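Take a look at the structure below.
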Amino acid sequence: MAGMLEIFCACVAILYLFYYYLTADFNYWKSRGINGPKPVPFFGTIADFMLGKKCLGDVYNEIYERYPKDSMVGIFMRGNPALVLRDPVYIKQVLIKDFTVFTDRMALVYDKAEPMTMHLFKLDAARWRPLRIRLSPTFTSGKLKEMFHLLLNCADHFEKYLDEKVSEDGVVECRDLTSKYTIDVIGSCAFGLEMKALKEENNEFQKIGRLIFLSTPKVVIKNILREYPWFYKHFGHIFDDHYVNKFITDITRNTIEYRKRNNIRRHDFVDTLIDLKDNPSKLGANNVTDEFIAAQAFVFFAAGFETSSTTMSFAMYELAQNQSIQEKLREEIKEVLKSTDGVILYDNIKKMSYLEKVFQETLRKYPPVMYLVRKPVRNYTFEGTKISLRKGQLVIIPIHAIQNDPNIYPDPQVFDPERFSPEKMEQRNAMYYLPFGDGPRNCIGARFAINQTKIGLIKVLMNYKIDVCEKTQIPIVHNPLSSLMLQTTHGIYVKLTKLA
């Protein structure tokens with residue numbers, strides 16, 4: 001009997017210690033005078049996401065909306081204090097002014113358990129900085145101009161694909177349609193490969209792209225477990241997608257070996273990777289593994305595939321519902337291309353000011369990345385306040401919430417490209433529009449993404465009228481299993497009708 005009592009007391013003590021561990025910091029923000037939702041053990045203030053009820057971006061949206069008078073809101077990622085920023089002054093401090101303190105992102109990198117995490121988007125400051133310097137020249141204006149003919153070639157194939165594949169009823173799922181185009185563009189422009197997504201219905205590269213961003217209960221569990229470094233370091237390989245890893249590593253290694261064997265130089269993304277592999281000292285390393293090189297290919301392929309196809313899809317979705325905007329945009333495209341007999345030139349794109357407004361309004365309403373995360377590399381106090389962060393505490397910038405705030409963008413659900421007229425943009429704080437981030441760690445491929453998205457839209461609009469159909473989901477419903485990216489539950493369906 002005494003033994004049973006001792007076991008019971010030990011269990012109670014263990015449970016108490018575990019409860020204390022989970023809730024030890026729960027008074028952190030209240031003691032500092034920062035408002036925020038009340039946390040619960042284990043879940044903190046993100047229970048709806050952890051239980052699969054809402055995507056994490058929507059959780060941050062609700063928190064943002066609940067405290068309209070606060071410049072920052074205190075939350076808890078399970079038991080860890082984090083801060084949601086609402087004030088553009090503090091957002092600018094994090095992204096630009098004090099960037100040297102906030103160089104790191106939330107993501108943890110597991111070199112062995114999850115080798116595809118060793119990429120530019122996730123790496124810590126020490127490894128990110130030299131890599132960013134070496135990769136940036138691939139995305140200069142000059143480089144983009146050089147590869148423009150490759151992009152146009154893919155766009156011509158896209159136009160031909162539309163003519164062949166759009167059925168009599170004209171109903172298409174935009175993500176499936178546009179991702180074929182963006183995969184071929186990335187393959188041609190960045191890797192010198194013909195990925196054949198527009199030629200093959202069950203294309204392997206498109207399959208890989210879908211797998212990378214597939215939101216499932218397993219992925220949610222994996223993302224939660226990743227926050228426990230000791231466990232994930234030893235057991236994370238169980239949850240990693242070995243098929244995707246092997247595919248990307250093999251295709252990158254084979255492409256590099258082929259070029260070196262045949263002395264091929266295209267001065268593109270792959271050539272940059274070859275240079276880093278052969279000269280690891282440029283990254284301050286003694287050796288650069290095949291997996292590290294493949295991880296850079298992985299993130300460029302993944303980001304280019306997802307963000308541009310998503311933006312094209314949402315633009316088509318909104319144009320289907322706003323016929324006057326669609327017609328005005330089509331007329332501008334016709335007018336600009338009239339001087340070149342319908343041929344799209346690099347400088348043509350810059351002349352299409354209304355296309356730029358439509359593009360920006362699409363990203364305003366539907367930013368592919370719903371929020372940014374930064375963490376300080378040392379203890380930090382916000383300028384002009386007594387609010388301090390400990391080293392490593394997360395700071396969340398809720399892009400989707402900010403860009404859909406009616407106090408910043410009146411009637412945010414209305415698709416209005418004129419929000420991005422020069423006059424209105426001048427009146428608005430730059431920190432209220434962050435689809436590509438800002439500061440030194442902004443999106444490295446932004447200009448490439450802009451070009452491929454705009455040219456794809458031009459090809460659609462010059463050949464088809466876009467309408468809603470019975471399968472069009474209005475309004476869009478966010479996928480509750482999605483963590484970072486803006487994804488839908490239903491797909492994005494529209495009807496395409498060939499223009500006379």
Side-chain angles (χ1 to χ4, degrees), residues 57 60-73 83-99 102 307 311 314-315 317-319 321-322 324-329 331-333 336 349-372 374 382-385 395-443 446-447 449-451 453-454 457 475 486:
Y60 293 149
N61 286 353
E62 291 187 357
I63 291 170
Y64 177 95
E65 292 166 3
R66 203 184 306 173
Y67 299 90
K69 296 182 179 179
D70 292 87
S71 59
M72 50 183 73
V73 182
L83 203 57
V84 175
L85 300 183
R86 299 181 86 264
D87 192 307
V89 172
Y90 300 133
I91 293 172
K92 188 172 184 178
Q93 284 183 30
V94 169
L95 294 181
I96 302 173
K97 189 173 182 180
D98 293 327
F99 171 76
F102 292 93
T307 57
T311 303
F314 280 123
Y317 172 78
E318 285 293 344
L319 292 172
Q321 298 174 70
N322 296 274
S324 61
I325 294 174
Q326 181 182 159
E327 191 53 38
K328 182 176 179 179
L329 177 55
E331 287 303 313
E332 177 188 70
I333 293 169
V336 171
I349 308 299
K350 296 177 182 178
K351 296 176 183 177
M352 298 179 186
S353 58
Y354 197 63
L355 175 59
E356 171 67 7
K357 292 176 184 177
V358 168
F359 176 78
Q360 289 181 300
E361 175 67 350
T362 302
L363 287 177
R364 192 277 306 170
K365 193 172 179 182
Y366 307 101
V369 176
M370 295 186 74
Y371 56 90
L372 301 175
R374 297 289 188 270
F382 282 95
E383 185 179 327
T385 77
V395 176
I396 293 107
I397 300 167
I399 298 173
H400 188 278
I402 291 169
Q403 294 180 181
N404 285 271
D405 184 340
N407 295 310
I408 301 169
Y409 297 94
D411 299 316
Q413 293 311 306
V414 174
F415 188 80
D416 179 13
E418 291 306 325
R419 299 181 198 274
F420 292 91
S421 65
E423 299 77 25
K424 289 190 176 179
M425 288 178 66
E426 192 175 321
Q427 296 169 6
R428 197 164 50 234
N429 193 301
M431 295 297 104
Y432 286 147
Y433 185 73
L434 298 167
F436 293 112
D438 207 332
R441 201 153 185 174
N442 65 346
C443 176
R447 284 182 290 191
I450 292 168
N451 277 350
T453 302
K454 287 183 177 180
L457 287 173
L486 176 56

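In this text, all values refer to a predicted model and were calculated from it rather than measured experimentally. Residue numbers start at 1 and run along the sequence shown.
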Would you list the atom pairs, donor with acceptor, under 3.5 Å between side chains in residues 412-422 and any protein atom, with sequence neighbours excluded?
residue, atom, partner, partner atom, Å
Asp416, OD1, Glu418, N, 3.1
Glu418, OE1, Lys357, NZ, 3.2
Arg419, NE, Glu361, OE2, 3.0
Arg419, NH1, Pro410, O, 2.8
Arg419, NH2, Pro410, O, 3.2
Arg419, NH2, Asp411, O, 2.7
Arg419, NH2, Val414, O, 2.8
Ser421, OG, Glu418, O, 3.4
Ser421, OG, Glu423, OE1, 3.4
Ser421, OG, Lys424, N, 3.4

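Applying the salt bridge (charged side-chain N to carboxylate O under 4.0 Å, His left out) definition to pairs two or more places apart or across chains, none involves residues 83-94. Among pairs with a residue in residues 425-436, those fulfilling side chain to side chain donor-acceptor pair (under 3.5 Å) read Tyr409-Arg428, at least two apart in sequence or across chains.
Under the 4.5 Å side-chain criterion, counting only non-hydrogen atoms from C-beta, Ile399 is in contact with Pro367. Using a 4.5 Å heavy-atom threshold, the side chains of Leu434 and Ile91 count as touching. Counting only heavy atoms from C-beta outward, the side chains of Ile397 and Leu95 approach each other to under 4.5 Å. Using a 4.5 Å cut-off on side-chain heavy atoms (C-beta onward), Leu83 and Val73 make no contact. The closest side-chain heavy-atom distance from His400 to Tyr371 is not below 4.5 Å. Contact of the Tyr366 side chain with the Thr311 side chain is not registered, since no non-hydrogen atoms from C-beta on lie closer than 4.5 Å. Counting heavy atoms from C-beta on, the side chains of Lys454 and Phe359 come closer than 4.5 Å.
The main-chain N or O of Phe382 is found under 3.5 Å from a side-chain atom of Thr385 such that the two form a donor-acceptor pair. In this structure, the side chain of Asp405 does not engage the main chain of Ala401 through any donor-acceptor pair within 3.5 Å. The main-chain N or O of Lys328 is never found under 3.5 Å from a side-chain atom of Glu332 such that the two would form a donor-acceptor pair.
For Lys97, the salt bridge (charged side-chain N to carboxylate O under 4.0 Å, His left out) test picks out Glu383, with sequence neighbours left out. Evaluation of the salt bridge (charged side-chain N to carboxylate O under 4.0 Å, His left out) rule for Glu318 yields Lys365 as partners, not counting sequence neighbours. Checked against ring pair (Phe, Tyr, Trp, His ring centres under 6.0 Å), Phe436 has no partners two or more places apart in sequence or in another chain.
Atom CG of Asn404 and atom CG of Asn61 lie 7.5 Å apart (nearest 0.5 Å). To the nearest 0.5 Å, atom CG of residue Leu319 and atom OG of residue Ser324 are 10.0 Å apart. Remark: Leu355 CG to Ile450 CD1 distance equals 10.5 Å, nearest 0.5 Å.
The residue from Ile396, Leu85, Asp70, Ile402 that alone fulfils the side-chain contact (heavy atoms from CB on, under 4.5 Å) condition with Tyr64 is Ile402.
Closest approach of Pro435 to Leu363, counting heavy atoms only: CB-CB, 3.8 Å.
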For the pair Tyr90 and Met72, evaluate side-chain contact (heavy atoms from CB on, under 4.5 Å) and give the outcome as yes or no after the intermediate values. CA-CA 9 Å; Tyr90 300 133; Met72 50 183 73; 3.3 Å; yes
